[in-house]
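Right, one structure below, let's go through it.
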2 protein chains.
Amino acid sequence: MPVHMCEVINKLRDAGLRPTRQRVALAELLFAGGDRHFSAEKIHEEAEEARIPVSLATIYNTLNQFTDAGLLREVAIDGSRTLFDTNTSNHYHFFMESDGSLVDIETHDLKVIGLPEIPPGTDISRIDVIVRLADK
Amino acid sequence: MPVHMCEVINKLRDAGLRPTRQRVALAELLFAGGDRHFSAEKIHEEAEEARIPVSLATIYNTLNQFTDAGLLREVAIDGSRTLFDTNTSNHYHFFMESDGSLVDIETHDLKVIGLPEIPPGTDISRIDVIVRLADK
DNA sequence: TTACATGCAAACTGTTTGCAAATAT
DNA sequence: ATATTTGCAAACAGTTTGCATGTAA
């Protein structure tokens, strides 16, 4: 078994997920390259191209499990579909309205200042920033 | 016909929308008070309580028309449902994770700084900021 | 009178779920 | 051996659409 596969298996184990055939294959697809953004449907297509037999239902379940385990995060762009992001660190996004794609903005570049007091009894769990770009 | 009703009618006319019974009634519901956030379903319930007969399909159509006309804007929180906002000016939001409600943050309080260069050939069409709050 | 708006039901999209068969431990 | 995971199809929620009927101009 190749080393990179063991890494994926350990990653899943650490997250408390059994390293099943499908989960390992999907994790390799998702985490092989650098950071990326995708929908469930996109991953389904890629899995088919890679001859990995996984049902769409399992992809949804897996992406949600990965998200719960902190391996992915969701990005809310509009109501039509859920996008996932392999970069789980605190960062913001450019959203290309022309083609619906996302590009990361590294946090150290960008700051949100002047935040008013938050309601008592609450904590900030996350700040989402989406810079929507349109073709000129 | 009361004065406030004329205002609504003019507002619709200015937006290029015929002031039909349903559109006038919905506009009064939506724009009577100050700024507010809501889903299509919520407005459907309110219309029923107010004994205004409007089908859910018409509410969806109307909210989308109002949005296209610039009378409303959409707020993307998560994929599960579309939220609308009567405040169409540039402003940001607190999102209460506990109950799914939204509260406006006035723009003059909050600034996004250090934005990196945007890709050539594009313009910023809007910046969305959502501060997610969880109960402590 | 005529173009546009409405209501209903049916279609549709993205997502979740129930359950029998398959699999990891 | 046993608890978990998978795949399928069916269920589901939110939203949109086709078409006959109603209405504003």
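The chains referred to below are lettered A, B, ... by the order of the sequence lines, with proteins before strands, and numbering in each begins at 1.
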Roughly how many Å is it from [atom1] in [X] to [atom2] in [N], rounded to a whole number?
X: A:Phe38; N: C:dT15; atom1: CZ; atom2: P; result: 12 Å
X: A:Leu63; N: C:dT15; atom1: CG; atom2: C1'; result: 12 Å
X: B:Asp78; N: C:dT15; atom1: CG; atom2: P; result: 11 Å
X: B:Arg81; N: C:dT13; atom1: CZ; atom2: C1'; result: 18 Å
X: B:Ile59; N: D:dG14; atom1: CD1; atom2: P; result: 14 Å

Return yes if a side-chain donor-acceptor contact under 3.5 Å exists between [X] and [Y], otherwise no.
X: B:His37; Y: B:Asp104; value: yes
X: B:Ser125; Y: A:Glu97; value: yes
X: B:Asp35; Y: B:His91; value: no

| 5' precedence on DNA chain D between A:Gln65 and B:Leu83 (nearest-nucleotide basis) | A:Gln65

Show the distances under 3.5 angstrom between N or O atoms of the protein and N or O atoms of nucleotides 16-21 of chain C.
from: C:dT16; atom 1: OP2; to: A:Asn64; atom 2: ND2; distance (Å): 2.9

| Test item: B:Tyr92 and B:Ile130 side chains (from C-beta on) under 4.5 Å apart, heavy atoms |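 Not touching, per the 4.5 Å side-chain cut-off.
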
| Side chains of A:Phe66 and A:Leu17: closer than 4.5 Å at any heavy-atom pair? | yes

| request: Select base, sugar-phosphate, or nothing to describe what A:Ser39 touches, counting heavy atoms under 4.0 Å on all strands. | output: nothing

Set out, line by line, the N/O atom pairs under 3.5 Å between protein and nucleotides 23-25 of chain C.
from: C:dT25; atom 1: OP1; to: A:Arg13; atom 2: NH1; distance (Å): 2.9

| OP1 or OP2 of C:dG7 under 4.0 Å from side-chain N/O of B:Gln22 | yes

| Below 4.0 Å: OP1/OP2 of C:dT15 and any side-chain N or O of A:Thr82 |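 For A:Thr82, the contact criterion (side-chain N or O under 4.0 Å from OP1 or OP2 of C:dT15) is met.
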
| side chain to side chain contact (heavy atoms under 4.5 Å, CB included) assessment of B:Val129 paired with B:Ile105 | CA-CA 9 Å; B:Val129 176; B:Ile105 303 174; 5.8 Å; no

| request: Kindly state which residues belonging to residues 41-52 of chain B come within less than 4.0 angstrom of DNA chain C, counting heavy atoms of the residue only, listed by number. | output: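 Nucleic-acid contacts, sorted: none.
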
| field | Contacts of type side-chain hydrogen bond (donor to acceptor under 3.5 Å, both in side chains), residue B:Asp78, not counting sequence neighbours | value | B:Ser80

| field | Terminal axis angle for the helix from C:dT1-D:dA25 to C:dT25-D:dA1, five pairs an end, nearest 10 degrees | value |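 Both end axes considered, the difference amounts to 30°.
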
| task | Only counting residues at least two apart or in another chain, list the ones meeting salt bridge (Lys or Arg N to Asp or Glu O under 4.0 Å) with B:Arg13. | result |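 Partners of B:Arg13 by the salt bridge (Lys or Arg N to Asp or Glu O under 4.0 Å) criterion come out as none, since no residue qualifies.
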
| message | Are A:Leu71 and A:Val24 connected into the same hydrophobic cluster when the rule is that any two of I, L, V, M, F, W, Y join if their side-chain heavy atoms are below 4.5 Å apart? | response |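 A:Val24 and A:Leu71: one cluster.
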
| said: Do B:Val131 and B:Phe95 sit in one hydrophobic cluster, given that two such residues count as connected whenever their side-chain heavy atoms are within less than 4.5 Å of each other, even indirectly? | reply: no

| request: Keeping the roles fixed (side chain from A:Thr62, backbone from A:Thr58), state whether a donor-acceptor pair exists under 3.5 Å. | output: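 Yes, the answer is positive, given that a donor and an acceptor are paired below the 3.5 Å cut-off.
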
| field | Reported NZ-to-CG distance for the pair A:Lys42 and A:Leu29, which is rounded to 0.5 angstrom | value | 10.5 Å

| Test side-chain contact (heavy atoms from CB on, under 4.5 Å) applied to A:Phe38 and A:Leu72, A:Asp85, A:Leu102, the passing residue |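 It is A:Leu72, the one option of A:Leu72, A:Asp85, A:Leu102 that forms the side-chain contact (heavy atoms from CB on, under 4.5 Å) with A:Phe38.
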
| task | Starting from the C-alpha separation in whole Å, work towards a yes-or-no answer on side chain to side chain contact (heavy atoms under 4.5 Å, CB included) for B:Ile124 and B:Leu115. | result | CA-CA 11 Å; B:Ile124 294 177; B:Leu115 208 56; 3.6 Å; yes

